There are 2 protein chains.
Amino acid sequence: MKSKYTTIIDIARQLNISKSTVSRALTGHPNVKEHTRKAVLELANSMEYQRNSLALGFSKHTTNTIGIMVPEFMSTYFPSVIVGVQDVMQAAGYNVVICQQNESYESEVSNMKLLLSYRVDGIIVSHTKETRNFDHFTLAQRRGVPLVFFNRVPDDMNVPNVVVNDYEAAFQAVEHLIAIGRKRIAHLAGPESLVNTRLRRQGYLDALKKHDIPYNPDLVLSYDLTTEKVKIYMKHFLDLATPPDALFAINDPTAIAAMEVVKAKGLRIPEDIAIVGFSNDFSAQLVYPGLTTVAQPTADIGRTAAEMLLQELKAKVKNDYSIKKAPTVQLPTKLIIRESTMVKEKTKKR
Amino acid sequence: MKSKYTTIIDIARQLNISKSTVSRALTGHPNVKEHTRKAVLELANSMEYQRNSLALGFSKHTTNTIGIMVPEFMSTYFPSVIVGVQDVMQAAGYNVVICQQNESYESEVSNMKLLLSYRVDGIIVSHTKETRNFDHFTLAQRRGVPLVFFNRVPDDMNVPNVVVNDYEAAFQAVEHLIAIGRKRIAHLAGPESLVNTRLRRQGYLDALKKHDIPYNPDLVLSYDLTTEKVKIYMKHFLDLATPPDALFAINDPTAIAAMEVVKAKGLRIPEDIAIVGFSNDFSAQLVYPGLTTVAQPTADIGRTAAEMLLQELKAKVKNDYSIKKAPTVQLPTKLIIRESTMVKEKTKKR
DNA sequence: TTTTTCTGTGGGAACGGTTCCAATTTTTTG
DNA sequence: CAAAAAATTGGAACCGTTCCCACAGAAAAA
């Protein structure tokens with residue numbers, strides 16, 4: 001069955017010239033007579049010719065396409081990183097294909113293989129919460145496909161990455177809670193597998209220490225980020241003999257789910273319990289009361305990751321395989337204070 | 001420069017057999033001696049062989065990959081449709097690549113060409129708000145690449161699609177506003193280019209008519225869905241001599257932006273103005289007060305679209321090109337009533 | 001034993017494009 | 001006007017895989 005796509009051979013036959021010439025005319029090679037080029041371009045246009053990227057990538061060993069793999073996109077974090085990536089990549093003449101893992105390690109491995117089998121030129125990644133084995137990533141490296149990580153970065157891979165200072169941001173967030181007079185600060189942490197979890201918890205611990213607040217293990221719980229579970233953990237916190245007067249949550253969905261539980265119990269935010277989240281998801285400003293949270297420059301993260309990948313791609317072409325420390329870029333965060341931690345001045349004045 | 005990828009030829013050479021046999025062993029062709037197959041699979045494994053999808057697609061004229069194009073993914077609507085699509089497609093052994101248009105017509109055309117140049121087997125689409133010309137879609141059809149639309153469907157293309165009954169849903173939403181006693185119901189509509197806009201407005205108009213509420217053109221505005229503009233339009237509504245006592249918004253982001261304006265003006269929701277949105281975005285339950293809205297079965301929409309595409313792909317293989325009316329599937333919506341339209345019983349009782 | 005039917009394997013074309021090299025044509029130069 | 005140089009074109013190899021065809025050897029049937 002003849003394919004319905006026009007090929008350069010079709011064009012060549014019609015014009016009675018060789019396919020080499022057609023190819024040259026279409027790719028803008030200088031050595032084609034103006035007359036010929038015009039004829040080719042016109043016919044190509046009228047036949048709706050469209051280059052076959054499969055054949056091209058196959059023959060050139062490069063596809064001008066990069067992949068981006070994200071663990072999920074139900075929060076606004078990853079989508080807006082992606083927008084930043086596309087921004088830079090499109091300007092550089094690259095195509096971007098997006099893969100979404102649904103937080104499943106298995107999907108991650110198969111998406112990785114998919115991208116490699118399509119011979120993408122490079123990949124930008126944030127791994128799933130389940131990922132503990134990084135072989136599928138080193139495989140890409142062995143194949144000479146540059147990787148750039150963001151947000152969730154494997155500990156022991158020497159790979160370029162762009163992150164925020166999770167430690168510092170968490171430290172500041174907790175200090176803010178202390179500054180408004182809270183002493184029993186709970187922390188709902190993420191899964192141990194994520195660097196972010198560990199760094200943010202360390203920030204939490206060190207902020208407590210700096211202000212001579214003893215660390216209470218009862219007030220720290222790790223969980224797997226499935227927000228249904230937040231109900232259980234928050235109930236646990238609130239049922240303690242002396243319940244916490246503040247919560248630092250690993251991210252905004254967690255914080256928001258926690259708020260539901262607090263409100264359902266008839267407690268007031270922030271009077272009874274102040275709450276801080278992380279990432280400044282779109283919904284953080286919508287919930288009632290507005291959620292104090294650490295803003296991340298998502299689009300910038302995407303743009304920076306894309307630029308780093310372009311660097312890698314350029315270095316690769318130049319065969320610059322010098323083994324050096326992979327670069328890490330750290331972008332600034334900003335604590336956004338909203339009602340969930342706002343001491344009401346009015347109440348005091350009256 | 002030798003590629004770093006293992007090929008079947010590498011394997012054939014090492015085992016001193018022909019590449020045909022290697023190919024057969026790897027693809028599970030029956031005519032291979034068990035002994036040979038085992039040797040091939042083992043060596044392939046240890047050499048980390050990974051089939052070259054470019055070569056495969058190129059040679060077989062089919063890629064086992066479908067594309068999905070969405071206008072944006074900052075709201076939760078499209079991401080959750082995508083999850084539904086992936087669900088079905090992965091089970092059917094297809095890969096899914098995602099393209100995002102940022103509501104730009106130009107991106108839509110170039111993403112379409114990208115997908116076609118990669119010879120995807122089919123495409124699921126929701127077009128941008130800017131799209132008025134559908135040539136890039138008919139091009140795909142001429143190439144024999146089946147399309148399935150959802151949510152935003154071109155008017156005059158005979159193409160399979162899955163939608164909700166926008167008319168009916170809007171009708172119900174407005175009737176609900178009338179039921180709680182509202183008479184001056186404003187409508188912030190979307191751009192004229194979208195079918196959804198026209199259907200929902202018709203639902204709005206007919207609900208008014210049914211309840212003998214005269215149509216007031218001052219209370220209906222079309223806008224381009226850039227939420228910054230909502231401020232202008234809402235101010236206009238609220239500054240009318242007799243301002244509206246209810247708002248039916250084209251979608252949830254619009255409704256939520258409108259709520260901001262209303263609250264900033266010191267008016268109460270729903271007492272002064274009741275508000276209804278559309279789609280039941282994740283944020284609809286988070287805003288204060290909770291937003292009444294029309295829930296769409298997003299994951300089902302994705303799954304259904306995927307199943308329809310699989311049908312098309314199957315029909316295509318069987319060379320079943322009978323020209324018939326393309327199927328339309330309509331999925332049910334559900335009006336979710338929250339505080340933004342909830343008459344407070346308590347207040348009455350007291 | 002001879003013929004027929006399977007099995008397993010190898011060889012080579014095909015897919016659509018790029019690219020290098022050689023051949024041809026055109027232009028320039030002496 | 002011939003020779004040299006430059007411009008333009010054609011031919012063929014190549015990329016990795018599938019798949020059809022041919023063929024050898026083994027097993028089954030005659």
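The chains referred to below are lettered A, B, ... by the order of the sequence lines, with proteins before strands, and numbering in each begins at 1. All of these numbers come straight from a predicted model, not from anything done at the bench.
Here the P atom of nucleotide C/dG17 and the NE2 atom of A/His29 are 18 Å apart, to the nearest Å. A straight line from CD1 of A/Ile9 to P of C/dG17 spans 7 Å, rounded to a whole angstrom. Remark: P of D/dT18 and CG of A/Leu54 are 14 Å apart, rounded to the nearest angstrom. We find that CG of B/Asp10 is positioned 8 Å from P of D/dG16, with the value rounded to whole Å. Whole-Å rounding puts the B/Tyr5 OH to D/dT17 P distance at 12 Å. We find that CG of B/Leu26 is positioned 12 Å from C1' of D/dT18, with the value rounded to whole Å. Atom pair B/Asn31:CG and D/dC23:P shows a separation of 18 Å (rounding to whole Å applied). Between the CD1 atom of A/Ile17 and the C1' atom of C/dG17 there is a distance of 15 Å, given to the nearest Å.
When distances are taken from the side chain of A/Arg24 to each of D/dT17, C/dT19, C/dG17, the shortest belongs to C/dT19. The B/Thr27 side chain lies nearest to D/dT18 when the options are D/dC15, C/dG8, D/dT18. You'll find that the side chain of B/Phe58 is closest to C/dC15, out of C/dG17, C/dG10, C/dC15. Among C/dT9, D/dT17, C/dT19, the nucleotide with an atom closest to any side-chain atom of B/Lys33 is C/dT9. Taking only side-chain atoms of A/Ala55, from C-beta outward, the nucleotide of C/dT18, C/dG16, D/dC15 with the closest atom is C/dG16. The side chain of A/Ser20 approaches D/dA12 more closely than any other nucleotide in the set C/dG10, C/dG17, D/dA12. Closest contact between the side chain of B/Ile8 and the listed nucleotides C/dT9, D/dT18, C/dG10 involves D/dT18. When distances are taken from the side chain of A/Leu56 to each of C/dT18, C/dT9, C/dT19, the shortest belongs to C/dT18.
The local environment of CD in A/Gln141 is crowded, with over 12 non-hydrogen atoms from other residues, nucleotides or ligands closer than 6.0 Å.
Donor-acceptor pairing under 3.5 Å, judged by distance alone, is absent between the side chain of B/Thr21 and the base of C/dG10. Looking at A/Lys19, its side chain comes within 3.5 Å of the base of C/dG17 through a donor and an acceptor atom.
Comparing B/Arg119 and B/Asn16, the nucleotide of DNA chain C nearest to each residue sits closer to the 5' end for B/Asn16. Comparing B/Ser59 and B/Thr36 against DNA chain C, the residue whose closest nucleotide sits nearer the 5' end is B/Thr36.
Between A/Ser23 and A/Ile8, the shortest heavy-atom contact is CB-CD1, 4.3 Å.
Between the side chains of A/Asn102 and A/Ser107, not a single donor N or O lies within less than 3.5 Å of an accepting N or O.
Cation-pi geometry between A/Arg132 and A/Tyr105 is not met: the NZ or CZ atom fails to fall both under 6.0 Å from the ring centre and inside 45° of the normal.
Side-chain rings of B/Phe58 and A/Phe58 approach one another, their centers coming within less than 6.0 Å.
Distances shown here put a side-chain N or O of A/Tyr49 below 4.0 Å from the OP1 or OP2 atom of C/dG17. Note on B/Arg37: every side-chain N or O is 4.0 Å or more away from OP1 and OP2 of C/dG8.
Checking each of B/Val109, B/Asn111, B/Val125 against B/His136 for a side-chain contact (heavy atoms from CB on, under 4.5 Å) leaves exactly one that passes, namely B/Val109.
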